[in-house]
A.B. asks: 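There's a structure below that I have some questions on.
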Amino acid sequence: MDLNKVRIGMICGTHKGSGTVTWVDGATQTVYITDLIDNHKIEVGIEEIIEDPQIHNHDDFYY
């Protein structure tokens, strides 16, 4: 995913889990996410974010 498309507050899916973006570090290309289920922090590289917004972990809800 392009770093310019990632915004604070958006929900992103990664292979480590889904969550809400809390901070984007442009210098290191790192995105910090708070997990949707238990609020633990997830740190991922921009390349680890799944582009398709409908792809979530099996525990997440679909609308």
Side-chain angles (χ1 to χ4, degrees):
M1 176 174 264
D2 184 12
L3 188 63
N4 295 329
K5 293 181 182 179
V6 178
R7 301 281 182 242
I8 293 174
M10 72 184 289
I11 297 175
C12 292
T14 72
H15 297 290
K16 294 181 180 179
S18 297
T20 305
V21 175
T22 57
W23 186 47
V24 179
D25 186 352
T28 62
Q29 301 274 313
T30 303
V31 179
Y32 298 89
I33 298 173
T34 300
D35 188 272
L36 293 173
I37 298 170
D38 60 7
N39 289 330
H40 77 274
K41 305 292 185 207
I42 303 170
E43 180 180 332
V44 296
I46 191 66
E47 68 281 349
E48 296 179 65
I49 294 179
I50 299 170
E51 291 259 358
D52 187 347
Q54 292 300 308
I55 298 176
H56 300 289
N57 293 335
H58 64 279
D59 294 333
D60 296 337
F61 297 105
Y62 287 89
Y63 295 97

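It should be emphasised that the depicted structure is a prediction, and the values quoted were computed from it without experimental measurement. Just the heavy atoms: all of them, side chains too, but no hydrogens, waters or symmetry mates, feed the values below.
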A.B. asks: Out of curiosity, does Y32 fall in the hydrophobic cluster containing L3 (side-chain heavy atoms, cut-off under 4.5 Å, transitive links)?
C.D. replies: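 In one cluster with L3: Y32, no.
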A.B. asks: Can you tell me how far apart OG1 (T28) and CD (E43) are? Round to the nearest 0.5 Å.
C.D. replies: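 The CD atom of E43 is 7.5 Å from OG1 of T28, to the nearest 0.5 Å.
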A.B. asks: Which heavy atom of K16 sits nearest to which heavy atom of V44, and what is that distance?
C.D. replies: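 So the minimum-distance heavy-atom pair works out to CD-CG1, 3.7 Å.
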A.B. asks: With a 4.5 Å heavy-atom cut-off, do I33 and K41 have their side chains touching?
C.D. replies: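 No, too far: nothing below the 4.5 Å cut-off.
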A.B. asks: Out of curiosity, I42 CD1 to H15 NE2, how far, rounded to the nearest 0.5 Å?
C.D. replies: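 Atom-to-atom, I42:CD1 and H15:NE2 are 12.5 Å apart.
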A.B. asks: Looking at G13 and S18, what are the two nearest heavy atoms and their distance?
C.D. replies: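 Heavy-atom minimum between the residues: CA-OG, 3.7 Å.
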A.B. asks: Identify the two heavy atoms, one from V6 and one from M10, that lie closest to each other, and give their separation to 0.1 Å.
C.D. replies: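 Nearest heavy atoms, V6 then M10: CA-SD, 3.5 Å.
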A.B. asks: Look up atom CG in D35 and atom OG1 in T20, then write down how far apart they are to the nearest 0.5 Å.
C.D. replies: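 Going from CG on D35 over to OG1 on T20, the span is 9.0 Å.
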